[in-house]
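These notes are about the structure you will find just below.
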Amino acid sequence: MHDMNRDVARHLRLLGELLEISGKEPYKIRAYYRAADTISRLASPVDDMDEARLTDLPGIGENIARKVIEYVKTGAIHELTELEESVPSGLVGMLDLDGVGPKTIHALWTKMGIEDIAMLEKAAKNRRLRALHGFGPKKEEAIIQAVAGYRRKTSRMTRKEAEELIGRIEPAFPGKNFTVAGSFRRGRSTIGDIDIVSTEAPARTNALLQEVADEIIDQGERKTSFSIGDRRVDVRFCTPAFAGTMLLYLTGSKQFNIKMREIALSRGEKLNEYGIEDREEGRTYTFPDEASVFSFLGMDYIPPELREDQGEIEHARRHTLPELVRETDIRGDLHMHSSWSDGALSIAELARLGEERGYEYIACTDHSASLGVAHGLDAARLAKQHHEIEMSNRSHSCRILAGIEVDILGDGSLGLSGPVLADCDLVIASVHSGFKQDRDVMTRRILSAMENEHVDIIGHPTGRLLGKREAYLVDMERIISAAADTGTALEINASPYRLDLDDIYVREAHDHGVMLSIGTDAHTREEAAAIRFGVGIARRGWCGKQDILNTRPFKGFFT
DNA sequence: GCCGTTTTCGGCCCGACTGTTTTCAGTCG
């Protein structure tokens, strides 16, 4: 995300949190949270937006627009600065404790002088909290547990980790009557907790969940929450008759659900996870699947990946949603490594793997020699590799494209010369060094690679490693605009550790008519299956089949 | 504070579960 957008979003959120702890009106607070949300998922920087452009954004009115402009100009928001002076800074951190919310914090602060997590923990252990109205021994114990949980709090999971966790939960559903919903189903690049809808009998499943759970958080006939591996899992039980509204509800997103319920309200209906109640007739309609819910509300089916309240609801009502790319549309993987550099598979093994996966082609894109660590290829070895690729292509139905992943060097030049690149079928240019350059230098560095006539694709364009390394500083607006001008494709790197481009930039690129390519960056057999993650990100970026380079058939690929 | 295929004012999604309560507030998703 753009730094300024991130800063502005963070400050608006903080403003909301401080107002909430101060006990201000909930709707005002919600407005700040919503505005922070909008700005944090904005692809273009707020730096140079005027009041008119800002107020066009959903959830941002005159008041918040002025605060955004104030922050961009002065680096501070006056109202926030004042609030920070009157509210101890440690209180905001207490919001991260499970089961501790703004009302609790307000009471602890004003009635007991508790100002941070350490003070709270001490008071709970000394059994002083039970003196407060509404607090008892169980609440004290819950707070002690919450502090412990906070200390081992982990960041969001990769999708791969989430899949492994789901694998550990599966034994509790021997009948397989469950669907993973939430951000996992929406295809988000990282996952916080796991949400599950199940049509199993609650009593039986609850007993089985006891076996897989590390700790049961709460348990009921309709809903059970537990932790496993320091992750939270929420299970909602339903019958097949109302599985549609239950799945819709638990898939979210939160903003999407709010908007859907507002639409139902405007029709004189009430939407919840059990169905849709016609308030006039007083009868409730139930829906066995999501499609019938959308249909009832006069909308087209919205794929989970689009459910973020980013315009998809309006499109669904006007019947103008795009048809999204599917995994079965993918005809080849455009980014794989072989044993010629740091991969595990030979060229022939790549071809066989491609055949097994039903691909027409795989681009073998090993590293160039300038990256010493990865047994990169120089011109001589590349020529030998091309010969082996030719041999393989004679005997396999899956064609290997003789590609290269060439380094974009610090000054924007490439790790291999023009004539060498000209001999390749496909050239991916990627940044693998000098991540600390300033924004303008990095941006111009990538732009010069895009201007090189041999470069087809920019690999993992922002260089992020999820949960490990932030994206380098780069002006994605300029990159996207240059990609449109030069006809260079931007990669959606499908590795679950990267998922780079981020979906907000994919959507921006898509809107600018930029072609995207999906590549797994696989070094092993197993990693080649990651293509599904990349397709998910493409879908979240509103991409159809026509927007993705590797949905093209082998013939016509080079046209 | 935001917003309008009812509205420029008066609304703002909805329900499960827990703990501390005698009927509900707080938190969460």
Side-chain angles (χ1 to χ4, degrees), chain A residues 12 15-16 19-21 23-38 54-68 79 94-108 129-143 145-146 181-183 192-197 202 206 216-226 232-238 242 245-246 248-277 279 284 298 309 313-314 317-318:
Chain A
L12 290 177
L15 189 46
L19 289 171
E20 200 166 15
I21 291 168
K24 294 291 191 304
E25 317 118 74
Y27 291 116
K28 186 171 173 174
I29 292 153
R30 178 180 143 182
Y32 280 109
Y33 289 149
R34 173 137 195 258
D37 217 44
T38 295
L54 283 166
T55 51
D56 276 347
L57 299 170
I60 296 183
E62 216 173 284
N63 197 303
I64 293 184
R66 292 218 180 106
K67 287 190 169 65
V68 171
E79 189 182 334
M94 288 163 61
L95 285 170
D96 288 339
L97 299 173
D98 237 9
V100 177
K103 299 277 167 53
T104 305
I105 294 171
H106 184 81
L108 291 166
L129 297 183
R130 60 187 68 177
L132 281 180
H133 181 74
F135 287 74
K138 286 194 173 170
K139 189 93 182 169
E140 277 175 345
E141 183 53 32
I143 284 173
Q145 288 305 317
S183 57
D193 52 27
I194 301 287
D195 298 298
I196 292 174
V197 173
N206 278 336
I216 301 291
I217 297 168
D218 44 45
Q219 193 170 75
E221 282 287 301
R222 298 188 159 101
K223 174 187 175 187
T224 288
S225 300
F226 63 95
R232 184 189 174 102
V233 181
D234 293 310
V235 181
R236 288 299 304 260
F237 298 106
C238 67
F242 64 95
T245 42
M246 183 59 83
L248 189 73
Y249 155 69
L250 209 62
T251 298
S253 64
K254 181 177 179 168
Q255 285 302 333
F256 173 87
N257 283 350
I258 290 174
K259 180 72 75 71
M260 289 291 283
R261 287 168 180 194
E262 283 171 354
I263 284 172
L265 265 184
S266 73
R267 294 162 44 101
E269 294 153 355
K270 186 176 72 170
L271 167 64
N272 61 25
E273 58 266 50
Y274 302 109
I276 297 178
E277 181 191 336
R279 289 186 148 156
T284 296
D309 189 19
I313 292 174
E314 292 76 7
R317 299 184 87 182
R318 292 196 303 264

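Chain letters run A, B, ... following the sequence lines, proteins first and then strands; every chain starts at 1.
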Any side-chain N or O of Lys270(A) under 4.0 Å from OP1/OP2 of dG15(B)?
yes
Using the side-chain heavy atoms of Lys67(A), tell me which of these nucleotides is nearest: dT6(B), dG1(B), dT18(B).
dG1(B)
With B for base contact, S for sugar-phosphate-only contact and - for none (protein heavy atoms under 4.0 Å), nucleotides 19-29 of chain B reads SSS----SSSB
By nearest atom, which of the nucleotides dG1(B), dC17(B), dT6(B) is closest to the Arg222(A) side chain?
dC17(B)
Between dC17(B) and dT23(B), how far apart are the two P atoms, rounded to whole Å?
23 Å
dC28(B) versus dC13(B) - spacing of their C1' atoms, nearest Å:
14 Å
Partners passing side-chain hydrogen bond (donor to acceptor under 3.5 Å, both in side chains) against Tyr33(A) (at least two apart in sequence or in another chain)
Glu20(A)
Contact class for Leu57(A) vs. all strands (heavy atom < 4.0 Å): base, sugar-phosphate, or nothing?
sugar-phosphate
Between dG11(B) and dT18(B) - P atom distance, rounded Å:
34 Å
For nucleotides dC2(B) and dT6(B), find the distance between their P atoms and express it as a whole number of Å.
23 Å
Proximity to the side chain of Tyr274(A) - top-ranked nucleotide from dC14(B), dC2(B), dA16(B)
dA16(B)
Opposite nucleotide pairing with dT8(B), Watson-Crick or G-U, both atom distances under 3.5 Å:
none
Between Leu265(A) and Glu62(A), the residue closer to the 5' end of DNA chain B by nearest nucleotide is Glu62(A)
Span that lies between the P atom of dC9(B) and that of dC14(B), in whole angstrom:
25 Å
